[in-house]
Amino acid sequence: YLSNAFQFTMENKIGEYDIFGLLKTFEDMGLYRDSIKMSGQSVKRLPREQSFEILMRSARNHKKLGELAKAEEIWIYIVENSPRFYAEPYLELAKLYEHKWKKIRDALHVVERLEKRLAIILELEKEGAFSTQLINDDLQCRKSRLEKKLAKEINSDRKKHDNGKTVSA
């Protein structure tokens, strides 16, 4: 039934809110694969800004299915190509690198990149300062944790390296 509804929506050029509603219905039912498939079809016909929102939904669904490499690919695409700022892909990449793949340097790089974007936004746009400040606060905690993990990693590498050396007289 939902597949038919989506096909009808696509064939009859019904608005993006109907598409978002159908995708959300699939997601609420746990049909993440179907939502991803339909997201791919939707991206081609929606205006650019809405297509990035659909891509974020798709990345979330890939993450729920454990398809982290595909989710990463989409988040990177959004960060590099979206004309609008979205904090979510930066934060998701940082979490992925830190917690799943243990790539602390990569996570810290993403956090620092987001930090620079937020600083620009705060400077240019005073109206959205409250929500931007909330993200920034979370970011500072994340950055501090990553810096501590990186320092620990560096110290551990030094100890391994030092233990392998021999001292000659």
Side-chain angles (χ1 to χ4, degrees), residues 15-33 35-40 42-156:
E16 68 250 17
Y17 296 109
D18 295 318
I19 293 170
F20 281 104
L22 280 169
L23 294 174
K24 182 166 179 8
T25 301
F26 276 107
E27 293 160 8
D28 289 347
M29 295 173 69
L31 301 171
Y32 305 117
R33 180 88 41 229
S35 182
I36 290 168
K37 180 181 173 188
M38 293 185 186
S39 293
S42 301
V43 164
K44 297 171 190 164
R45 86 167 262 251
L46 289 173
R48 192 162 190 233
E49 189 169 312
Q50 283 87 11
S51 69
F52 283 101
E53 292 174 25
I54 295 282
L55 285 171
M56 281 203 291
R57 292 188 91 90
S58 187
R60 278 185 230 121
N61 290 327
H62 281 292
K63 179 182 173 185
K64 289 174 185 173
L65 291 170
E67 299 167 352
L68 302 179
K70 186 63 182 168
E72 177 199 29
E73 181 183 320
I74 295 168
W75 288 321
I76 289 171
Y77 179 80
I78 294 167
V79 165
E80 292 176 352
N81 295 289
S82 176
R84 183 174 172 212
F85 171 73
Y86 297 100
E88 179 182 340
Y90 289 92
L91 294 171
E92 289 296 335
L93 284 166
K95 291 189 287 187
L96 174 66
Y97 295 152
E98 179 184 3
H99 301 296
K100 297 290 184 183
W101 294 347
K102 309 298 182 203
K103 295 169 132 184
I104 304 304
R105 288 180 200 272
D106 290 347
L108 189 56
H109 175 73
V110 170
V111 164
E112 288 170 344
R113 193 169 168 189
L114 175 55
E115 192 174 44
K116 287 176 186 171
R117 286 289 305 265
L118 288 174
I120 292 167
I121 291 168
L122 274 171
E123 190 174 312
L124 295 175
E125 156 186 325
K126 302 298 180 198
E127 293 172 17
F130 179 72
S131 60
T132 305
Q133 190 58 48
L134 290 175
I135 296 168
N136 207 29
D137 292 345
D138 172 75
L139 204 55
Q140 293 311 309
C141 292
R142 187 174 303 281
K143 184 177 180 182
S144 175
R145 184 177 65 243
L146 287 167
E147 287 171 339
K148 287 176 187 173
K149 283 184 176 183
L150 185 59
K152 198 180 225 182
E153 194 176 278
I154 290 169
N155 285 336
S156 175

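- At a threshold of 4.5 Å between non-hydrogen side-chain atoms, the residues Leu139 and Leu91 count as touching.
- At a threshold of 4.0 Å, the pair Lys103-Glu98 does not count as salt-bridged, since none of the basic side-chain nitrogens sits closer than that to a carboxylate oxygen.
- When all heavy atoms of Phe20 and Gln50 are compared, the closest pair comes out as CZ-O, 4.0 Å.
- Using a 4.5 Å heavy-atom threshold, the side chains of Glu53 and Tyr86 count as touching.
- When side chains are defined from C-beta on, Ile74 does not count as touching Tyr77, because their heavy atoms never get closer than 4.5 Å.
- Looking at Glu67 and Arg33, a side-chain N of the basic residue comes within less than 4.0 Å of a carboxylate O on the acidic one, giving a salt bridge.
- A salt bridge is defined here as a Lys NZ or Arg NE, NH1 or NH2 lying under 4.0 Å from an Asp or Glu carboxylate O, and Arg60 with Glu88 meets this definition.
- Side-chain atoms of Lys100 do not come within 3.5 Å of backbone N or O of Tyr97 as any donor-acceptor pair.
- A salt bridge does not link Lys24 to Glu27: none of the charged nitrogens lies less than 4.0 Å from a carboxylate oxygen.
- From Met38, atom CE reaches atom OG1 of Thr25 across 10.5 Å, with rounding to the nearest 0.5 Å.
- For the pair Ser39/Leu23, a side-chain contact is recorded, criterion being any heavy-atom separation below 4.5 Å from C-beta on.
- You'll find the side chain of Ile104 stays beyond 4.5 Å of the side chain of His109, heavy atoms only.
- Counting heavy atoms from C-beta on, the side chains of Pro83 and Glu49 never come closer than 4.5 Å.
- Ring geometry for Tyr90 versus Phe85: interplanar angle of 30 to 60°, hence tilted.
- Here NZ of Lys143 is found 11.0 Å from CG of Leu114. Values are rounded to the nearest 0.5 Å.
- For the pair Trp75/Glu80, no side-chain contact is recorded, criterion being any heavy-atom separation below 4.5 Å from C-beta on.
- Counted within 6.0 Å of CZ on Arg48, heavy atoms from surrounding residues, nucleotides or ligands total more than 12; the atom is thus considered enclosed.
- Residues Glu153 and Leu150 have side chains in contact (heavy-atom distance under 4.5 Å, counting atoms from C-beta outward).
- Of all non-hydrogen atoms in Ile78 and Pro89, the two that sit nearest each other are CG2-CG, 3.7 Å.
- At a threshold of 4.0 Å, the pair Arg142-Glu115 does not count as salt-bridged, since none of the basic side-chain nitrogens sits closer than that to a carboxylate oxygen.
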